[in-house]
Amino acid sequence: QLQASGGGLVQAGGSLRLSCAASGFDLDYYAIGWFRQAPGKGREGVSCISSRGTRTYYADSVKGRFTISRDNAKNTVYLQMDSLKPEDTAVYYCAAPQERHWIPHSWSAWREYKIWGQGTQVTVSS
């Protein structure tokens with residue numbers, strides 16, 4: 001199971017740090033992706049980090065503003081979100097592929113991720 005937390009209401013230009021914690025399995029074997037879904041829109045890949053943290057990927061819309069990281073000792077992956085914009089408002093989810101040490105050919109292809117947690121709401125006011 002994965003559990004995303006850390007969402008909330010913030011003004012434009014503000015920051016939030018999301019956490020993705022695992023229970024029941026070792027997170028350090030898995031790449032983790034962050035996805036978001038705004039009302040009336042499809043699920044969008046935000047960022048991804050490899051199991052060892054050596055590779056990271058970002059959507060163009062968040063590059064330079066969001067930073068993904070992981071602390072395998074704490075079984076947790078983080079998404080630091082700075083310079084938030086109203087268009088970042090969405091429910092954010094973390095997810096893992098079913099295979100260990102594997103990132104989908106297209107990291108943002110959400111259907112390739114089989115282990116999902118409940119999301120956390122991020123709302124950015126203008």
Search all heavy atoms of Ile68 against all heavy atoms of Tyr58 and return the closest pair with its distance. N-OH, 2.8 Å
Mind listing the closest non-hydrogen atom pair of Ser61 and Arg36 along with its distance? OG-NH2, 3.5 Å
Between Ser47 and Tyr57, which heavy-atom pair has the shortest distance, and what is it? OG-O, 2.8 Å
Between Leu18 and Val124, is there a shared hydrophobic cluster once you connect ILVMFWY residues whose side-chain heavy atoms come closer than 4.5 Å? yes
Cation-pi check, Arg100 onto Tyr29 ring (under 6.0 Å, within 45° of axis): yes
Taking all non-hydrogen atoms of both residues into account, name the closest pair between Ala12 and Pro86 and its distance. CB-CD, 4.1 Å
Give me the atom names and distance for the closest heavy-atom approach of Thr120 to Gly7. OG1-N, 3.0 Å
For residues 97-126, which residue pairs qualify under disulfide bond (SG atoms under 2.5 Å apart), counting only residues two or more places apart or in two chains? none
Which pair of heavy atoms, one from Tyr30 and one from Glu99, lies closest together, and at what distance? CD2-O, 3.7 Å
Give the cluster check for Ile115 versus Val46: same hydrophobic cluster or not, with ILVMFWY residues linked at side-chain heavy-atom distances below 4.5 Å. yes
Around atom CD of Gln1, are there more than 12 heavy atoms of other residues, nucleotides or ligands at under 6.0 Å? no
Return yes if some donor-acceptor pair links the side-chain N/O of Asp28 with the main-chain N/O of Arg70 below 3.5 Å, else return no. no
If you look only at pairs with a residue in residues 87-126, which of them pass as a disulfide bond (SG atoms under 2.5 Å apart), with sequence neighbours excluded? Cys20-Cys94
Ring-ring centroid check Trp116 Phe35, cutoff 6.0 Å: yes
In terms of side-chain heavy atoms, does Gln3 have a donor or acceptor partner in Ser5 at a distance below 3.5 Å? no
Are Val62 and Leu16 linked, directly or through intermediate hydrophobic residues, by side-chain heavy-atom contacts shorter than 4.5 Å (ILVMFWY only)? yes
Is any side-chain N of the basic residue among Asp88 and Lys85 closer than 4.0 Å to the acidic one's carboxylate O? no
Side-chain donor/acceptor pairs under 3.5 Å, residues 73-83, sequence neighbours excluded:
{"from": "Asn75", "atom 1": "OD1", "to": "Leu27", "atom 2": "N", "distance (Å)": "2.8"}
{"from": "Asn75", "atom 1": "ND2", "to": "Ala22", "atom 2": "O", "distance (Å)": "3.4"}
{"from": "Asn75", "atom 1": "ND2", "to": "Phe25", "atom 2": "O", "distance (Å)": "3.2"}
{"from": "Thr76", "atom 1": "OG1", "to": "Lys74", "atom 2": "O", "distance (Å)": "2.8"}
{"from": "Gln80", "atom 1": "NE2", "to": "Asp82", "atom 2": "OD1", "distance (Å)": "2.9"}
{"from": "Asp82", "atom 1": "OD1", "to": "Ser15", "atom 2": "OG", "distance (Å)": "2.7"}

